[in-house]
Amino acid sequence: TVGITSIPKSKSELVVYPNPAKDFLTIKIINQLPEEAKQIEIYSTLGTLQLSHTFSENAITIQTKNWNKGVYLCKIKSQNQILYKKFIVE
């Protein structure tokens with residue numbers, strides 16, 4: 001038999017602002033426990049690792065002032081999930 005199974009929605013969500021960013025970027029995780037350690041990795045569209053950092057808060061602000069203009073991919077890993085979000089640096 002053929003059936004449709006719904007994929008459960010992620011427990012957490014990433015909010016990135018301002019987007020596009022100029023001097024700084026704030027990444028906020030909604031519905032996440034604050035004491036849980038998280039690893040953030042930001043990649044350029046060429047696949048170059050721009051930033052790698054471990055943090056435990058539900059928000060992090062990153063200085064993007066000296067970054068090249070373009071599209072970036074933010075990847076945040078916690079113990080039980082991986083979240084992705086694209087953003088632009090002008």
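Note that this is a predicted model, so its numbers are computed, not measured.
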Flag yes if Y43 and V16 sit in one hydrophobic cluster, no otherwise; membership is Ile, Leu, Val, Met, Phe, Trp, Tyr, and two members link when side-chain heavy atoms are under 4.5 Å apart.
-> no
For N19, does the CG atom have more than 12 heavy-atom neighbours from other residues, nucleotides or ligands under 6.0 Å away?
-> yes
Is the shortest heavy-atom distance from the side chain of V15 to the side chain of I30 under 4.5 Å?
-> yes
Any chain of hydrophobic side-chain contacts (each under 4.5 Å) joining I40 to L49?
-> no
Could you go through the side-chain contact (heavy atoms from CB on, under 4.5 Å) check for E13 and I29 one step at a time?
-> CA-CA 6 Å; E13 177 184 345; I29 304 171; over 6 Å; no
Would a 4.5 Å heavy-atom cut-off, applied to side chains only, mark W67 and Q50 as touching?
-> yes
Is there side-chain contact between S52 and Q39, with heavy atoms separated by less than 4.5 Å?
-> yes
Going by heavy atoms in the side chains, are L73 and I42 under 4.5 Å from each other?
-> no
Do L25 and F55 belong together in a cluster built from hydrophobic side chains that touch within less than 4.5 Å?
-> yes
Indicate yes or no: at least one non-hydrogen side-chain atom of I62 is less than 4.5 angstrom from one of F24.
-> no
N58 and K38, any side-chain heavy atoms less than 4.5 Å apart = yes
Indicate yes or no: at least one non-hydrogen side-chain atom of I82 is less than 4.5 angstrom from one of I76.
-> no
Cation-pi geometry met for K75 and Y84 (6.0 Å, 45°) = no
Partners meeting side-chain contact (heavy atoms from CB on, under 4.5 Å) with P20 (sequence neighbours left out) | I88, E90
May I ask you to test the L14-S12 pair for a side-chain heavy-atom distance under 4.5 Å?
-> no
Approximate separation, where rounding is to 0.5 Å, of K85 NZ and K28 NZ = 13.5 Å
